[in-house]
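Contents: one structure, followed by commentary.
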Amino acid sequence: MDTEEFRVRGKEMVDYICTYMNTLRTRRVTPSVEPGYLRAALPAEAPQHPESWDDVMSDVENKIMPGVTHWQHPRFHAYFPSGNGYPSILGDMLSAGIGCIGFSWAASPACTELEIIMLDWMGKAIGLPPAFLALEEGSKGGGVIEGSASESVLVSMLAARAASIKRLKHQFPTVDEGLLLSKLIAYCSKEAHSCVEKAAMICFVKLRILQPDDHGCLRGDILKESMQEDEEAGLVPFFVSTTLGTTSCCSFDNLPEIGPVVRKFPCVWLHIDAAYAGSSFICPEHKYNLAGVEYADSFNTNPNKFMLTSFDCSLLWVTNRYLLTSALVVDPLYLQHCYDHTAIDYRHWGVPLSRRFRSLKLWFMLRSYGISGLQKYVRRHCELAKYFENLVKKDERFEVCNNVKLGLVCFRLVGGPDETPEQEDELNKKLLTNINASGKIHMVPASVQDKFVIRFCVVHQHATREDVEIAWDIISDFATELLEGPDKERDLNEERARRNRAALAHKRSFFVRMVSDPKIYNPAINKTPPPVPTSPCTPPPMAPTTPDTPSDAGSVQLVPSTPKQASWISWPLALFFQSVDHDANDLPLRFRHLDTMVRLKSPNHGRRGSSPCASPERRAQSPH
Ligand code: PLP
């Protein structure tokens, strides 16, 4: 394709996108295809010779589109919004056209400098303290665009891990880093996104997953107790991941309580994941949810969720950029330049070396909408969620299950007085399955306070009251059909549901991947009671050792001795020890990968060797 053809085809593509957007309502919101549908429609090999552009575009419409889930459809109410504001699409187009790879300031100065400025603009707009801003006098902080919230959480944890290991190594110079690593433990709430667990897996550290309160909010006291227990048990708390706007029910952890607890422990990094809710802080009336941010070391939010910006655009700020970059720095000669001591080189701020000119799309968005335009968008979504909440509340067959603060409403059918919680869950699963199968609207479930709930998220950029009413009418009709329909119809549905159980289970698991409750993607957790003391032994100590001293790294005796609260520990070796109990081959593939949460086992269970119990004297030598 030469430049002249690109000029023509580019305009055609913009036309195609505009027509797509304008006619979306006429399409089914979710596709009705089976896995492998595309393989049957496309050749097994790439074409040997060039094909005409018209043929390619015709295949887009006839072969690709039938398998697309239309996230921009006005009847799409699943997950969180996926931004596609036109200015950001054009920004992405320009970024692709420029095609620079901004891994260092020198590799493309504008790419780096615009990113620094955009992160400061956004940081100020959402109300982050000056310590997070790069261009603030005397600040060591700054922001970066990562590819996803998961990456933001990961690099924050990597930075915290490096800082902790460095501190411990300083204290215990002869102790091997592997042993130091085995003592680190991170914390999050059961409502935290599963990306925290994934980050812990990658960092090879233990993660204690704590029970939130009845509103899905992590509180300071349970965190404090857990951290103290773990510290007494010889572990080293190093990272706390909190969430503002959880995935399942948009709850907010209590930062004003958590912050002071974290401050009591040396060198513990406090992260805030506000992937969805962060953009709402551009509105003054939502800023109260940010209280306690001054305790945080890092903060992330995704404008590609709730600020109309096209994916990928996850913003991460830190208060000490040197802790981040020193954890990730590699500096081969061919990447060095003469300004690398004064300029920011973003290659040290994340996992990849190469990076696109992503700040362009943010710049286009902020300038095209202005803060006022973006506030208007956020406010409309919040108002519509409240409108939907009122519709639910007016219908006594239903209940609302979350505190509706932003654009997400969790609701469910209330079962009859004789129905068990399991039957109520079944009823709601049936309702959601029937609605989604119809293709009229699309929603996903979540587990809120151990109940199966349906999430209704205001997603469409230009959503209106009428859209909410249409969705509610559909939900209400399906509920009537389910609750009052003729028995024959119900039997038929049940038969259909029974026959399709395998397929539906697959689809449901596919839906719930986004929803954070570990129980929902890992049924084993259901069976996990609060951890109980498994041994009178205290865990292995962190006594200074020589390199020849046999270490207890990898021991499974790491259970807190007197746990009072329900919590779960995810730790890197769980996967291996788990297979002692189960025949791993019997587990569904999905769980074989995800089943990393185990109840801590007794000292002689699932271990290759035995580890001597630590004596009180040895414990006293621990770094605490
Ligand atoms: N954190 C929260 C609170 C989320 O809601 C999500 C996704 O919805 C994520 C993290 C993961 O986001 P990403 O897909 O950008 O990694």
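We're numbering straight along the sequence, starting at 1. Start at 1 and go down the list; that is how both ligands and their atoms are numbered.
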Got an N/O contact under 3.5 Å between [X] and ligand 1?
X: Tyr276; result: no
X: Thr246; result: no
X: His193; result: no

Salt bridge present between [X] and [Y] (N-O < 4.0 angstrom):
X: Asp221; Y: Arg219; value: no
X: Arg358; Y: Asp92; value: no
X: Lys393; Y: Glu399; value: no

Could you tell me whether the side chain of Met21 reaches within less than 4.5 Å of the side chain of Tyr86, counting heavy atoms only?
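SC-SC contact between Tyr86 and Met21 confirmed.
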
Between Phe80 and Thr247, is there a side-chain heavy-atom distance shorter than 4.5 Å?
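Yes - at least one pair of side-chain heavy atoms lies under 4.5 Å apart.
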
Considering only heavy atoms of Ser148, which atoms of ligand 1 have at least one such atom less than 4.0 Å away?
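It comes down to these atoms of ligand 1: 13 (P), 15 (O), 16 (O).
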
Atom indices of ligand 1 within 4.0 angstrom of Gly245 heavy atoms, with elements
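Near Gly245, meaning under 4.0 Å from one of its heavy atoms, ligand 1 has 3 (C).
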
Part of Asn302 within contact of ligand 1 (heavy atoms, under 4.0 Å)
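Under 4.0 Å from ligand 1, Asn302 contributes side-chain atoms alone.
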
For ligand 1, note which part of Phe80 has a heavy atom under 4.0 Å away: side chain, backbone, both or neither.
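The answer is the side chain.
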
Ignoring hydrogens, just give me the one of Thr243, Leu244, Asp273 whose non-hydrogen atom is nearest atom 10 (C) of ligand 1.
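Checking each option, the heavy atom nearest atom 10 (C) of ligand 1 is found in Asp273.
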
Does Glu151 reach ligand 1, in the sense of a heavy atom lying below 4.0 Å from it?
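No; Glu151 lies far enough from ligand 1 that no heavy-atom distance drops under 4.0 Å.
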
Out of curiosity, is Gly147 lining ligand 1, as in a heavy atom under 4.0 Å away?
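No, Gly147 has no heavy atom closer than 4.0 Å to ligand 1.
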
Counting only heavy atoms not in Lys224 (residues, nucleotides, ligands), do more than 12 fall under 6.0 Å from its NZ?
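Incorrect, the count does not exceed 12.
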
Using a 6.0 Å distance limit plus a 45 degree cone around the ring axis, check whether Arg367 lies over the aromatic ring of Trp363.
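Yes, a cation-pi geometry holds between Arg367 and Trp363.
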
